[in-house]
Amino acid sequence: MAEETLLKHADTHEHEGHEPFMPADEFESNSPMKVSYGKMMMWYFLLSDAFTFSAFLITYGALRVSNKWWPDPNHVFNAMPFMGHKQIPLGFVSIMTFILILSSVFVVLAVIEGHRMNKKGVLLWMLGGIAGGAAFLGCQAWEWSHLISEGLRPFFNPFVPDAQGMTHLAKSIVDPETGRRVLEMTGNMVTDAHGHKFQLGEGFGKFGGVGAFGALFFGITGFHGFHVFTGVLLNVWGFFATLSGKFEKVGHYEMIEKLGLYWHFVDLVWVFVFLAFYLL
Amino acid sequence: MAEVISKEHLAHDVHHAPHEEHHHVETFINKYIFTTDHKMIARQFLFTGIFWAIIGGLFSVLFRVQLGWPDATFPVLEKLFGNWFNDGKLDPNAYYMLVTMHGTIMVFFVLTAGLSGTFANFLIPLQIGARDMASGFINMLSYWFFFLSSLVMFASLFVPTGAASGGWTIYPPLSALPQATPGSGTGMTLWLISMALFIGSTLMGGLNYITTVLNLRTRGMDLFKMPLTVWALFFTAIIGLLSFPVLLSGAVLLIFDRSLGTSFFLSDIYIGGKALGYSGGSPILFQHLFWFLGHPEVYIVILPAMGMVSEILATHSRKPIFGYKAMIFSILGITILGFIVWAHHMFMSGLNPFAGSVFTLFTLLIAVPSAVKVFNWLTTLWRGNIHLNSASLFAIGFVSVFISGGVTGIWLGNATIDIQLHDTYFVVAHFHIVMGIAAFFGMFAGVYHWFPKMFGRFMNETMGYIHFFVTFLGSYVIFWPMHYLGMSGVPRRYYSFKEFAAFSQYDDLNKVISAAAIVVFITQLVFVANFIYSIYKGRKMTSDNLNPWNSNTLEWTTPVEPGHGNWPGALPTVYRWPYDYSKNTTGPDFTPQTVPLTEQEIKELESHA
Ligand code: HEM
Ligand SMILES: [Cu+2]
């Protein structure tokens, strides 16, 4: 008797895979919010993920206000690919942001086509979303490698103040004795990227500017980038699942909606990251 | 959408449901190991939890031996535990490791995973009338993440330099600088990996618990007809979902500090006169991130126990729970307030005094919903027809220890008093009584009460009585005197007090505490023996008495050992709240949730409306 299993046939076409026990088996959903359980789970996951990001951003805020000096974002983020040494403060990151928002729009369109059960439309716009995400990641890779080439590391920050508190990018070298990255210094004079010498602001030494700056930058944009990366993978999966007719068979494109929720979330988080690192 | 199904379909379904059953191919692997059946997953959590409880308890015995008899040597222990003991004496580094692992194991692995993992899985679907969790697959993953996390933590015990030893709160710099102490190296790395997996597990579990409660309730099971267990487990899941991610962030940043040399939690630090090159970070920040989880965590631990105790007290005193809605709203109050009191753990960490007064205010406020619950339990018991058995004894014991431990919380919550008491044995006494013992009592009550439903047999009552009385008295003997130690300033987390002449007056007291700890530990083994024995040899539950406690809730309407899907036929329909005890003037003194309202009751309801 005990061994009896009461698994029921997944006999209606609404069922997906291995989830045999939907309330729809037997009666109307009792959900006070009239949302399917899959979407509800996604919402709660995002809520919880929002707390993870909030903790990171609060960490950012706390460290930033508790330090007497912080590098000026207009100075740190002013490079643009293919433009040589021309300085365009926040130019590149604006393009990145635009790309990400655009890709979110594409995914919205994919969801709309899903409601219309238009497989071709879903495929087209999903492709757009994927391309946008991939482009964003490419931009991020460029920005990271550029900053790394300038000497920024999670544990070392070459952006230092001069005696007036203005931000300069200082030359750094790897100390042959300790193997650690340090500023190239003579007395308290350092050299900037153009070879000009300037006097280091008070409280700073050969270990460079506020160490937490690089840590926060790589840590938080990296964590966000990881989310984008996961999102692109998920969307690629969604694309191929659509292509194979999986959702057409199931009768709805709810999975695309769930992917869309995740994707908009990643986009929204970026707005806050952008605000914290680049605008403030 | 998919959920909307016509009434015709419904009727059809009810009539034909039994014919639609079919036998699924069952193998050992998919029944006992990679199972998606919530009842089996619950048992997996329970067994793993019991395993960890034994380890965690054993560790406390080991360090209590050191505290009770700091001068004696125990060659046996050296034989058993190798280099944790040198010349028969506990090594100081091993002492810190044992204390740290004891805390970690008990708080996270036993009282979080073992307690809510077990009972949320077991009770939510059975008590709301669902066939399983919303996603059986994610539920299964939740257990296996916990299992992996357990493996990693267990492995860390065998690392030559020892497991993590900076305290269960893993404050930097001890946790951030691998070179700080032996345990700060590999042991700490494994601790962080294990906790990251653990957080994954609670997250997946929590997602399921929340969606299941909201989406899969059976016909008639309105939110305000749910048993208090389900309410408590529901809010527990919400707290976990919102607080564990913050610990995850802290852990990730800590991992960066350790492995990439970043400076999130480290500022200018000198070791041996040499500067380390960290700058701009803040160790206090970590404390904020930790306690933003840490305080809600104590409610994650206690709420499921509270829910079960409410249910068990009502059932075994044959009375409706007093203040059902008040209970729910006090859980809600605790949930909300629990998120804004964390800094009461940091009064002595350099907190701004103004912030201190704000946190004192909120902390004292949270005592209000806690007190509401206590009064409701007492009123439920008051003049009840109390059936004493292992389950109800532990539930009553819970109320006792929760009061004793909660009162000292109000002392500690006052920043000015806490200046004296922080980091003394007073705090140890407070949280062990209010959290440690109380949550364990809730868990024991739950195991004794639902054992027949879990395993189809009863536990032995005599052994249960011995277990209860020795544990109850023993726990007070262990922890009550610690208040006095703490008030005279004995600090916690010290390896030995031999250097402090003033504390020598407590040498004998420490021996008493240690002796009681050993007795209580052995008594827990009686429980474990009873548990295992009863699974195989206990008195059987028979199909003519499916409801041994004459309880109103839905789980007792299932067969002796429900299969995957819980109810063989259609799902039960619910008509009333679960606490109609001693309402009838004739006949049985309980009215299960599945009994339709009488005309009389309907009239009463209408006259209220
Ligand atoms: C009546 C409400 C309560 C109040 C006002 C309260 C207050 C406090 C305060 C102020 C502290 C910090 C003491 C210090 O470190 O100096 C503390 C510690 C603690 N409390 Fe409570 N508490 C209450 C209830 C609880 C409950 C219900 C639990 C668990 C179920 C709990 C678990 C803990 C734990 C685990 C610690 C110590 C953590 C550590 O430092 O290792 N408390 N409590
Ligand atoms: Cu607290």
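Per chain, numbering begins at 1; letters A, B, ... match sequence-line order.
- Options Leu285(B), Thr36(B), Val246(B), Leu242(B) differ in how many heavy-atom pairs under 4.5 Å they form with chain A, and the most are formed by Leu242(B).
- Taking CG of Leu289(B) as the reference point, atom OG1 of Thr59(A) lies at 4.5 Å (rounded to 0.5 Å).
- There is no contact between Phe286(B) and chain A, counting heavy-atom distances below 4.5 Å.
- A distance of 11.0 Å separates CE of Met40(A) from CG of Leu207(B), quoted to the nearest 0.5 Å.
- Contacts of Arg153(A) with chain B are absent, with no heavy-atom separation under 4.5 Å from either backbone or side chain.
- The two residues Ser48(A) and Leu241(B) make their nearest non-hydrogen contact at CB-O, 3.1 Å.
- The line from NZ of Lys39(A) to CG of Asn215(B) is 11.5 Å long, rounded to the nearest 0.5 Å.
- For Gly219(A) against Phe256(B), the heavy-atom pair with the smallest separation is CA-CE1, 3.9 Å.
- When all heavy atoms of Tyr37(A) and Thr211(B) are compared, the pair lying nearest together is O-CG2, 3.5 Å.
- Side chains of Ser282(B) and Leu63(A) form a contact here, defined as non-hydrogen atoms less than 4.5 Å apart.
- Within a 6.0 Å sphere centred on CD of Glu248(A), other residues, nucleotides and ligands contribute more than 12 heavy atoms.
- Across Gly38(A), Ser54(A), Ala212(A), the residue that shares the most heavy-atom pairs under 4.5 angstrom with chain B is Ala212(A).
- Looking at Phe207(A), only its side chain comes within 4.5 Å of chain B, counting heavy atoms on both sides.
- Atom CZ of Phe272(A) is surrounded by 12 or fewer heavy atoms from other residues, nucleotides or ligands within 6.0 Å.
- Heavy atoms from other residues, nucleotides or ligands lying under 6.0 Å from CZ of Phe229(A) number 12 at most.
- No more than 12 heavy atoms of other residues, nucleotides or ligands shown are found within 6.0 angstrom of CH2 on Trp43(A).
- By number of non-hydrogen pairs under 4.5 angstrom with chain A, the leading residue of Leu203(B), Asp257(B), Asp37(B) is Leu203(B).
- Between atom CZ of residue Phe218(A) and atom OG1 of residue Thr262(B) there is a gap of 12.0 Å, rounded to the nearest 0.5 Å.
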If you apply the rule side-chain contact (heavy atoms from CB on, under 4.5 Å), what do you find for His288(B) with Ile58(A), and how did you get there?
CA-CA 10 Å; His288(B) 281 291; Ile58(A) 286 169; over 6 Å; no
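- Contact count against chain A (heavy-atom pairs under 4.5 Å) is highest for Ser263(B) among Ala130(B), Ser263(B), Ser267(B).
- Other residues, nucleotides and ligands place more than 12 heavy atoms under 6.0 Å from the CZ atom of Phe224(B).
- Counting non-hydrogen atoms of neighbouring residues, nucleotides and ligands closer than 6.0 angstrom, the CE atom of Met117(A) exceeds 12 such neighbours.
- Here the side chains of Phe51(A) and Leu248(B) are not in contact, with every heavy-atom distance at 4.5 Å or above.
- Of the possible donor and acceptor atoms, none in the side chain of Thr52(A) sits under 3.5 Å from a partner among the backbone N and O of Ser249(B).
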